[in-house]
Undergrad: 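Structure provided below as structure tokens; questions to follow.
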Amino acid sequence: MSSGVVAAPCRIQTFRKSPHTIAVRRRFSSSPSTASDCDFVLALYFNIRVRLNFLSVLICFTSLETNRDALAFIAITASWDGHNLDRFLDPYSFFHYPLGMSGLERPVKISLFLIFFFGILVRLYIAYHFYGTFDVNSWEKIFDYWRQGISPYDLEHRYAYSPLWFWVISLFSILNSFTHFPAYFVVKLPLILGDIGIGWLLWKISGNLGENSLNRSRIVALFFLNPVSFLNTCVMGQFDNLSCLFLLASYFCTFTELKLKDILSLLLFSLAVAMKQTALLFLPIFMFRQRTLSKQISLLLLAPAFFFLFLFPYLRTDPSTVYKSVILDSVYVRLEPFRWGWTLILNNALMTLFNIDLMKTWVYDWAARANCVLYIFLGLVAYRFSKKTSFTEATLLYLLIFYVSTTIFALQYIVWIIPFAALKKDKMFILFSMVMGCAYLAFFEWHVQYYLGNIEAQARITPVFAWLNVLSWLVLLTWLLIRLRAWRRTAAF
């Protein structure tokens, strides 16, 4: 044993008698061949000079395959100088190790810890003190369906997704049988965990993209402290962020050195679609990033695999109800015009100038069918951007074009662009988040008045919400034009 690892005899004896030491000894005394390693581990661990919480190291021990792997891990973490044993207990080190931040400067660690700490705290406070919208009411109704043996598709055709989200809710329902929190609060907890996962992925992805630690912290803050993220997760209760989590994980796999990273990336994309079928919107942008035709075809065919696999047992039991709830209802919602964007502006202009409501004319059906052409157009856009543009930039432009061109829109759809916009650190993103935050608040106030039965207040809020939608669309249009101008300059070189 080298002299750099030897500790004072009196202190090492005390250290050997501690409960933590006994746990380490049990870990490394599982076989006679490792008994001689035990004292080395204890002395080496006594001299750890990195601010790493003991508990996090023990967790790493239990996850490593062999004792030699654990020895190598300790040897690596003990390669810095320090002062004494008392200093390696750090209140936020356990939080930082799984994020891969043990080698960062202390100010970055503190700032990142504060971002996650206050982000989680605010989310929990809002989720508990604010009930939410119709969506939360729907999840609350199916909260105990699993234990009662009831299908989620029996809920008045309001559940239009694969059963994956229902299973997640059911798991938290089982856990809540011990804690007895309000159901409306518990159904938001998986969404909060999803936000934490997205924050972690943004940290990892931004590092792979070459960002320094300060910019990586800013990127995480742009998402995790974003008002839209708060409001969608904790008040609206829509689970688009969970689907987005799987999409980002699929993207992150492309940076890894795993031999099966392509297969893993494909499976994660399929899980994103299974979580919420609106993830199919990303199919063109992911498909055209594949290097070979065989991989593109595989992604095209296997993307909805988990969706139908999870849906099959329910489809087999009650095909009519499931078909109406999932297929027909979801298609209808995604093709309903005059609720957003240029069609909303056009319809309001005609109503103001000529008292013509396009929603009551043949144009309504035409606009609904014409929206199908948009998806073909988006495929061409994805193909164009996939050739000479980074994935982050291509996805950002792709989503901006979708938001500006579509005739339909739901507030939760905006969650998709937030992680990619955060990766670009775009100034327009901050302005857009403020405007969309106001739109969310108006939308929630409408729901509050609905629950109170105040019809007059609802009537006053409706035009405010419509104008905020128009303002949001105009900001998106401006943002798109700015990004396209920057993209053309880059493509010219």
Side-chain angles (χ1 to χ4, degrees), residues 120 122-198 228-246 271-279 306-307 310-311 313-314 318 321-322 324-327 329-330 332-334 410-416 440 443-448 450-451:
I120 294 172
V122 171
R123 280 170 170 79
L124 291 175
Y125 179 86
I126 297 175
Y128 188 82
H129 288 87
F130 295 88
Y131 178 83
T133 61
F134 294 136
D135 297 306
V136 176
N137 180 253
S138 296
W139 314 149
E140 192 177 25
K141 286 185 177 180
I142 67 175
F143 189 64
D144 293 319
Y145 271 23
W146 175 274
R147 287 186 287 181
Q148 298 172 10
I150 303 176
S151 169
Y153 302 103
D154 294 338
L155 182 63
E156 306 167 3
H157 303 295
R158 289 174 64 179
Y159 189 83
Y161 316 99
S162 87
L164 183 56
W165 170 239
F166 169 62
W167 296 340
V168 173
I169 294 177
S170 301
L171 174 61
F172 278 80
S173 172
I174 295 172
L175 296 176
N176 194 50
S177 61
F178 303 100
T179 58
H180 304 292
F181 284 111
Y184 73 86
F185 171 70
V186 179
V187 297
K188 301 172 187 176
L189 293 181
L191 307 182
I192 295 175
L193 292 176
D195 279 354
I196 296 173
I198 292 175
V228 177
S229 298
F230 286 140
L231 295 173
N232 182 79
T233 298
C234 307
V235 183
M236 192 166 194
Q238 272 289 349
F239 55 97
D240 292 66
N241 67 325
L242 294 181
S243 187
C244 189
L245 174 66
F246 287 117
L271 280 174
V273 176
M275 179 57 69
K276 198 166 189 180
Q277 55 267 43
T278 47
F306 282 131
F307 177 84
F310 297 156
L311 195 63
Y314 298 89
D318 190 2
T321 302
V322 175
K324 291 178 181 178
S325 299
V326 181
I327 307 299
D329 285 6
S330 60
Y332 173 76
V333 169
R334 285 157 182 75
L411 280 178
Q412 63 267 24
Y413 293 173
I414 208 61
V415 172
W416 297 100
Y440 265 92
F443 183 69
F444 297 148
E445 179 62 21
W446 186 92
H447 276 80
V448 170
Y450 171 82
Y451 289 127

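Since the structure is predicted, the reported quantities are computational estimates derived from the model, not experimental observations.
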Undergrad: Given the rule in the ring-ring contact (aromatic ring centres under 6.0 Å, His included) test, do Phe444 and Phe130 qualify, once you have shown the distances and angles that lead to the verdict?
TA: CA-CA 10 Å; Phe444 297 148; Phe130 295 88; 9.0 Å; no
Undergrad: Check the orientation of His447 and Phe443. Use parallel for under 30°, tilted for 30 to 60°, and perpendicular for over 60°.
TA: perpendicular
Undergrad: Output the distance between atom CG (Leu189) and atom CG (Leu171), rounded to the nearest 0.5 Å.
TA: 11.0 Å
Undergrad: Rounded to the nearest 0.5 Å, what's the gap from CD1 on Ile126 to CD1 on Ile192? Could you check?
TA: 9.0 Å
Undergrad: Which residues pass the side chain to side chain donor-acceptor pair (under 3.5 Å) test with Ser170, sequence neighbours left out?
TA: none
Undergrad: First locate atom CE of Met275, then atom SG of Cys244, and finally report the distance between them rounded to the nearest 0.5 Å.
TA: 12.0 Å
Undergrad: Look up atom CD1 in Ile174 and atom CD1 in Ile169, then write down how far apart they are to the nearest 0.5 Å.
TA: 12.5 Å
Undergrad: Can you list the steps and then say if Thr278 with Trp416 is a side chain to side chain contact (heavy atoms under 4.5 Å, CB included)?
TA: CA-CA 10 Å; Thr278 47; Trp416 297 100; 3.3 Å; yes
Undergrad: Could you give all pairs that pass the salt bridge (Lys or Arg N to Asp or Glu O under 4.0 Å) test and reach residues 173-192, with sequence neighbours left out?
TA: none
Undergrad: State, yes or no, whether a side-chain contact exists between Leu311 and Pro163 at a heavy-atom distance under 4.5 Å.
TA: yes
Undergrad: Is there a side chain to side chain donor-acceptor pair (under 3.5 Å) between Thr179 and Asn176? Walk through the geometry before answering.
TA: CA-CA 5 Å; Thr179 58; Asn176 194 50; 2.7 Å; yes
Undergrad: Quick one: does Gln277's side chain have a donor or acceptor within less than 3.5 Å of a partner on Phe307's backbone?
TA: no
Undergrad: Sequence neighbours left out, what passes ring pair (Phe, Tyr, Trp, His ring centres under 6.0 Å) with Phe143? Give chain and number order.
TA: none
Undergrad: Check step by step if side chain to side chain contact (heavy atoms under 4.5 Å, CB included) holds for Phe230 and Val122.
TA: CA-CA 8 Å; Phe230 286 140; Val122 171; 4.0 Å; yes
Undergrad: What residues, two or more places apart in sequence or in another chain, satisfy side chain to side chain donor-acceptor pair (under 3.5 Å) together with Trp165?
TA: none
Undergrad: Looking at Ala127 and Tyr184, what are the two nearest heavy atoms and their distance?
TA: O-CE1, 3.6 Å
Undergrad: Excluding sequence neighbours, so at least two apart, what forms ring pair (Phe, Tyr, Trp, His ring centres under 6.0 Å) with Phe166?
TA: none
Undergrad: What pairs with Asp195 under side chain to side chain donor-acceptor pair (under 3.5 Å), at least two apart in sequence or on another chain?
TA: Arg123, Thr233, Asn241
Undergrad: Can you sort out the partners of Leu193 under side chain to side chain contact (heavy atoms under 4.5 Å, CB included), two or more places apart, ordered by chain and number?
TA: Phe172, Ile196
Undergrad: Quick one, Leu411 with Met236, criterion side chain to side chain contact (heavy atoms under 4.5 Å, CB included). Give me CA distance, side-chain angles, the key distance, then yes/no.
TA: CA-CA 9 Å; Leu411 280 178; Met236 192 166 194; 4.1 Å; yes
Undergrad: According to the salt bridge (Lys or Arg N to Asp or Glu O under 4.0 Å) rule, which pairs have a member within residues 171-187, sequence neighbours left out?
TA: none
Undergrad: Among residues at least two apart in sequence or on other chains, which ones pass ring pair (Phe, Tyr, Trp, His ring centres under 6.0 Å) with Tyr125?
TA: His129
Undergrad: What are the two closest heavy atoms between Ser243 and Ala279, and how far apart are they?
TA: OG-CB, 3.4 Å
Undergrad: Which atom pair, heavy atoms only, marks the closest approach of Tyr145 to Pro152?
TA: CD2-CA, 4.0 Å
Undergrad: Looking only at heavy atoms, which two atoms of Tyr153 and Ser162 are closest? And how far apart?
TA: OH-C, 3.5 Å
Undergrad: Using 30° and 60° as the class boundaries, would you call the ring planes of Tyr159 and Trp139 parallel, tilted or perpendicular?
TA: perpendicular
Undergrad: Test of understanding: with ring pair (Phe, Tyr, Trp, His ring centres under 6.0 Å), list the residues that count as partners of Tyr128, not counting sequence neighbours.
TA: Phe185
Undergrad: For residues 233-242, which residue pairs qualify under salt bridge (Lys or Arg N to Asp or Glu O under 4.0 Å), counting only residues two or more places apart or in two chains?
TA: Asp240-Lys276
Undergrad: Mind checking the CG-CG spacing from Leu271 to Leu242? Nearest 0.5 Å is all I need.
TA: 11.5 Å
Undergrad: Any idea which heavy atoms bring Asp144 and Ser173 closest together, and the distance?
TA: OD1-OG, 2.9 Å
Undergrad: Should Tyr440 and Ile414 be marked as a side chain to side chain contact (heavy atoms under 4.5 Å, CB included) after you check the CA-CA gap, both sets of side-chain angles, and the distance that decides it?
TA: CA-CA 11 Å; Tyr440 265 92; Ile414 208 61; 3.8 Å; yes
Undergrad: How long is the span from the OG1 atom in Thr133 to the CH2 atom in Trp446, to the nearest 0.5 Å?
TA: 10.5 Å
Undergrad: Under the side chain to side chain donor-acceptor pair (under 3.5 Å) rule, collect the residues that match up with Glu140, sequence neighbours excluded.
TA: Tyr131
